[in-house]
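Please read the structure below before turning to the comments.
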Amino acid sequence: QVQLRESGGGLVQAGGSLRLSCVVSGRTFSTNAMGWFRQAPGKERDFVAVISRSGGSTYYADSVKGRFTISRDNAKNTVHLQMNSLKPEDTAVYSCAAGRTGQAMAHMRSSGNYEFWGQGTQVTVSS
């Protein structure tokens, strides 16, 4: 059974930083791209960032580019999202997801190309 478990969320003031982690169990971690999405109350789930299987390629949503960094440690089956210069509009539930095998990175902004999802971790940024 594949499981994704996020951690690291919390309450932070605007301008602060948080580092989210997602540990994957139950499958070979290094065979799939990994992504982060977020969903604010009353809004649709939005793409945040994705990293390729090897970690050599990353894509970001324009809203987080330059502030967030996605990384992965295939030896530890873990993907991270370092979030700096946080803004109140970053407040959301952040979820990690494992991409479907064989999908090109150009398609990984779409949530439909992800096969497994974590439960999410709440990030709240106060002004």
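Predicted model, so just to flag it, every value in this text is computed and none were measured.
- A distance-only check finds no donor-acceptor pair linking the side chain of Glu6 to the backbone of Leu20 [under 3.5 Å].
- When all heavy atoms are compared, the tightest approach of Ser85 to Ser17 is N-OG, 4.3 Å.
- Proximity of Met83 to Val48: side-chain heavy atoms (C-beta onward) are nowhere separated by under 4.5 Å.
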Item to complete: Check the pair Arg53 / Ser30 against side chain to side chain contact (heavy atoms under 4.5 Å, CB included), numbers first and verdict last.
Response: CA-CA 5 Å; Arg53 294 175 296 172; Ser30 60; 5.8 Å; no
Discussion item. With side chain to side chain contact (heavy atoms under 4.5 Å, CB included) as the criterion, how do Gln122 and Thr91 come out once you've worked through the C-alpha distance, each side chain's angles and the decisive distance to 0.1 Å?
Written reply: CA-CA 8 Å; Gln122 176 70 46; Thr91 295; 4.0 Å; yes
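- A donor-acceptor pair under 3.5 Å links the side-chain atoms of Asn32 to the main chain of Gly99, judged by distance alone.
- Arg109 places a side-chain N or O within donor-acceptor distance of the main-chain N or O of Tyr60, the cut-off being under 3.5 Å.
- In this structure, Trp36 has its ring center at least 6.0 angstrom away from the ring center of Phe68.
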Discussion item. Apply side chain to side chain contact (heavy atoms under 4.5 Å, CB included) to residues Met34 and Leu4 and explain how you reach the verdict.
Written reply: CA-CA 11 Å; Met34 294 294 299; Leu4 285 72; 4.0 Å; yes
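- For the pair Met108/Ser57, no side-chain contact is recorded, criterion being any heavy-atom separation below 4.5 Å from C-beta on.
- Residues Phe47 and Tyr59 place their aromatic rings such that the two centres sit no closer than 6.0 Å.
- Applying side chain to side chain contact (heavy atoms under 4.5 Å, CB included) to Val79 and the options Asn74, Ile51, Asp73 leaves one that passes, Ile51.
- Under a cut-off of 6.0 angstrom, the local environment of CD in Glu89 is crowded, with over 12 non-hydrogen atoms contributed by other residues, nucleotides or ligands.
- Using a cut-off of 4.0 Å between Lys/Arg side-chain N and Asp/Glu carboxylate O, Lys65 and Asp62 are scored as salt-bridged.
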